[in-house]
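Values below: every heavy atom of this structure, side chains too, minus hydrogens, waters and symmetry copies.
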Amino acid sequence: MAEIILTIVVEVVKCLAPPAYREISYLRESKYTTNLQNLKAEVDNLKSERESLLRQVDEAERNGEEIEENVRSWLEGANKVIEEADKFTEDEAAASKRCFGGLCPNLKTRRRLSKEAERQKEAVVKVREDRRFDRISYRTAPEDIRLIPNKDYEPFESRMSTLRSILSALEDRDVNMLGIYGMGGIGKTTLAEEVARKVKSDKLFDQVVFVEVSQNQDIRKIQGVIADKLGLKLHEESDEGRAGRLCEGIQAEKKILIVLDNIWENLDLRVVGIPHGDGCKVLLTARSLNVLSEKMDCRTNFPVGVLNEEEAWSLFKKMAGDYVEGSELEEVARNVAEECAGLPVSIVTVARALRNKGIREWKDALEQLRRPSSSNFKDVQPAAFKAIELSYNKLGRDDLKNIFLLIGYTAIASIDDLLMCGMGLGLFQGVNKIEAARNRVHSLVRTLKASCMLLDHISQKKELFSMHDVVRDVAISIASTERNVFTATNEQVDGCREWSDGSAIKHCTSIVLHGIKTNLLPEVLECPQLELLFIRADRWEFSSLTIPNNIFMSMIEVRVVNLTDMDLRSLPSSLGLLSNLRTLSLCHCFLPDISVVGGLKKLEILCLRGSAIKKLPVEVGELTWLKLLDLRDCWGLQVIPPNILSKLSHLEELYIGPKSFHNWEVEVEGVKNASLEELKHLPNLTSLELDTHDVSTLPRGLFLEKLERYRISIGGRFWGSTGIWGREFRLELYDQIRLKDSLVVQLQRIEDLELRGLQEQDVDYFRNELVKVGSSHLKRLHIHMRGSGLALSSAEPQRRGIS
């Protein structure tokens with residue numbers, strides 16, 4: 001009855017008052033039911049669309065893509081209206097109860113709910129209509145795993161100081177490119193990663209990109225990695241197009257650091273599309289300083305060295321387990337760590353391999369580390385071997401490889417020794433002159449240092465160098481495999497069956513024995529292919545080692561013989577059979593008689609440095625092809641017979657220093673010593689070192705002006721060296737030696753001049769003579785006057801006291 005009456009009223013209002021019709025219509029049950037049904041239908045449609053979109057969002061997120069913000073906003077709006085609609089429909093049944101026990105409708109509630117149902121339906125429709133997206137998601141730059149904090153990174157002070165210097169350089173506006181260099185396995189990449197993490201966390205750059213270049217450069221791959229990490233798409237086909245697009249993407253970043261790790265050759269940044277400068281800085285890592293400074297024109301470079309003992313042990317414990325400290329393993333563990341010589345890749349590899357191993361495995365590893373061979377070194381330190389072997393292969397040039405291996409298996413540590421050995425072996429192709437060979441050796445050593453295959457000597461003397469122990473082990477391993485080189489210590493040779501029966505050495509090209517204590521040498525060494533024999537005795541057991549008389553009989557190809565720290569009361573007669581011998585080095589030996597060397601007609605280098613020899617035998621004069629004669633530090637040398645030096649017409653370098661012979665023209669045992677006049681008969685002489693107590697023995701016109709280098713001491717005092725010597729003249733004046741008698745005016749292009757005992761009245765004369773000579777080459781001038789001191793530099797003389 002109520003619905004009939006309501007229907008009549010609504011129709012009347014529709015005719016008499018149309019504006020009121022819409023409001024009254026909400027009272028009708030049919031309207032109310034229709035609005036509820038429409039709302040439910042629209043909500044169901046919206047839910048379907050939401051579920052479809054959520055599936056697309058889930059798929060995009062699984063692919064690592066970022067969801068567009070308008071999509072997320074739409075989902076939030078859809079969830080809100082769906083939640084409101086669901087709550088409304090849940091409450092609808094209770095709200096539509098009839099009044100008076102269900103006899104008549106609750107018109108007020110019906111009107112309110114009907115209007116609300118219509119409003120919510122319209123809100124749902126609007127949300128559905130707003131679902132217009134160009135795309136659901138977009139690709140983002142993936143997180144660089146290299147920039148994730150590394151729990152294994154150890155902030156050692158030796159690294160932190162370098163890290164701070166690099167960070168400071170990165171903040172310098174004038175520095176757009178900088179480099180890190182060091183030997184393989186030293187930790188360059190680890191340091192570069194820490195730099196990248198640090199600048200990212202400190203927000204020094206808006207973007208940090210880390211790319212490994214490697215020895216086989218792939219420009220498109222490098223471009224792709226950078227693009228991926230910047231979220232760029234490179235659709236261009238041509239290399240130029242890709243480079244241009246990448247350059248645009250990089251320039252869009254306000255401040256960006258690009259780390260190019262493991263550079264081996266020149267990498268043209270323009271070809272890649274890297275516009276360093278104007279907000280983009282580049283950090284390079286390489287094993288060679290030459291690659292950075294010369295090929296990449298990088299001027300700001302930082303070396304990375306080995307860990308010190310404390311740092312090495314700390315890293316070793318972390319990798320092997322702290323349990324090694326304080327246990328029965330500690331002593332052997334420390335010894336193993338010491339053999340790794342501060343090289344991080346060795347420390348990590350060895351320590352991890354020995355983790356949780358027993359004492360016997362530790363001792364076995366120590367034994368193998370102390371006796372590296374071509375096989376066990378690769379097993380014990382595979383990562384170190386691979387890293388250093390790669391650097392060796394990348395040396396490219398045969399002369400670099402040959403010199404590297406020679407230094408490694410002989411343990412040579414000076415320019416002079418390397419020159420004599422390399423020259424004797426014929427390693428310097430196309431070089432016949434000693435001076436040219438010396439220049440070549442300096443160049444090769446500098447290149448190996450720049451490649452971090454050699455190190456500066458601890459003394460910092462430029463004529464010396466050193467090699468990392470692990471690098472040396474790799475060199476020995478390679479030489480053993482590729483060159484048939486045999487190296488051993490006394491402990492390794494003693495009791496070795498292969499050495500005793502000769503099977504281990506028969507096909508060797510080089511034999512190197514270090515620290516030999518007892519007579520382990522066979523009567524005859526059957527080595528028909530041998531080119532180098534290098535034996536260093538234990539200096540503390542000087543008298544116990546002798547060389548068998550026939551040991552050289554089967555060495556027909558040997559070119560270099562080096563015997564050091566030996567008591568050679570008589571050289572083996574078989575030495576004279578070495579018709580192919582080019583270099584003979586007998587350093588720090590006891591040498592009563594070396595007359596047998598007269599038979600070595602092809603000998604070019606004879607070094608007796610530091611040996612106990614009283615007389616230079618006349619047979620030396622038969623060595624007419626001799627180019628270098630080294631008699632430095634031969635304290636006991638008293639006699640150089642006349643007409644020996646003058647016969648050495650091919651002699652280029654002669655060294656008779658202040659700690660050696662100085663009795664020129666002095667009669668000894670009824671024989672008058674050689675005269676310095678003989679030096680005039682040496683037209684090829686380019687380097688000279690000599691000492692004399694008597695200025696009168698130094699002849700006029702000694703052509704010293706054409707020498708490349710010299711060190712001459714007159715006056716009987718031992719003079720110190722200033723490092724790598726060039727053209728040095730030392731003169732001590734006293735009653736028998738007056739300045740006017742000196743040869744200062746003869747010494748052209750002098751670099752280092754020292755006068756002691758100068759008198760006041762000689763100063764003006766000295767100044768005038770110096771002006772005559774010219775001082776354009778003078779680098780050091782030292783004058784010590786009697787009773788006072790006067791130090792003058794070639795640029796600006798200044799008076800000061802000298803003790």
Side chains of [X] and [Y] in contact at under 4.5 Å (non-hydrogen atoms):
X	Y	answer
Leu608	Leu591	yes
His507	Gln529	yes
Met566	Phe590	no

Parallel under 30°, tilted from 30 to 60°, perpendicular over 60°: which one fits the rings of His650 and Trp625? parallel
So, does [X] use its side chain to make a donor-acceptor pair with the main chain of [Y] at under 3.5 Å?
X	Y	result
Arg582	Asn580	yes
Ser611	Leu586	yes
Lys627	Asn432	yes
Ser687	Glu653	no
Asn684	Ser649	yes
Thr509	Arg483	yes
Asp630	Cys587	no
Glu678	Ser646	yes
Asn673	Val666	yes
Thr447	Ser443	yes

What I want to check is whether the side chains of Thr564 and Asn562 have a donor and an acceptor closer together than 3.5 Å. yes
Testing the 3.5 Å rule here: is there a donor-acceptor pair between the side chains of Ser570 and Asp593? no
May I have the step-by-step check of salt bridge (Lys or Arg N to Asp or Glu O under 4.0 Å) for Arg730 and Glu754, ending in yes or no? CA-CA 5 Å; Arg730 307 281 188 267; Glu754 182 169 346; 3.3 Å; yes
Cation-pi between Lys449 and Phe465: NZ/CZ under 6.0 Å from ring centre and within 45° of the ring axis? no
Please confirm whether Arg632 makes a cation-pi placement over Tyr655, using NZ or CZ under 6.0 Å from the six-membered ring centre and within 45° of the ring normal. yes
Measuring from Ser579:OG to Lys602:NZ, what's the distance to the nearest 0.5 Å? 6.0 Å
Mind checking what makes salt bridge (charged side-chain N to carboxylate O under 4.0 Å, His left out) contact with Lys601, not counting sequence neighbours? Glu622
Lys401 atom NZ, over 12 foreign heavy atoms within 6.0 Å: yes
Would you sort out whether Arg609 and Asp633 count as a salt bridge (Lys or Arg N to Asp or Glu O under 4.0 Å), showing the intermediate values? CA-CA 6 Å; Arg609 188 170 60 240; Asp633 300 330; 5.5 Å; no
Can you tell whether the side chains of Asp456 and Lys462 come within less than 4.0 Å, N to carboxylate O? no
Tell me which pairs pass salt bridge (Lys or Arg N to Asp or Glu O under 4.0 Å) where either residue lies in residues 421-434, with sequence neighbours left out. none
Under the side-chain hydrogen bond (donor to acceptor under 3.5 Å, both in side chains) test against Arg709, which residue among Glu728, Glu751, Glu689, Glu435 passes? Glu435
Report the residues that fulfil side chain to side chain contact (heavy atoms under 4.5 Å, CB included) with Ser466, sequence neighbours left out, ordered by chain and then residue number. Leu455
Please step through salt bridge (Lys or Arg N to Asp or Glu O under 4.0 Å) for the pair Asp691 and Lys659, ending with a clear verdict. CA-CA 8 Å; Asp691 171 64; Lys659 297 179 182 180; over 6 Å; no
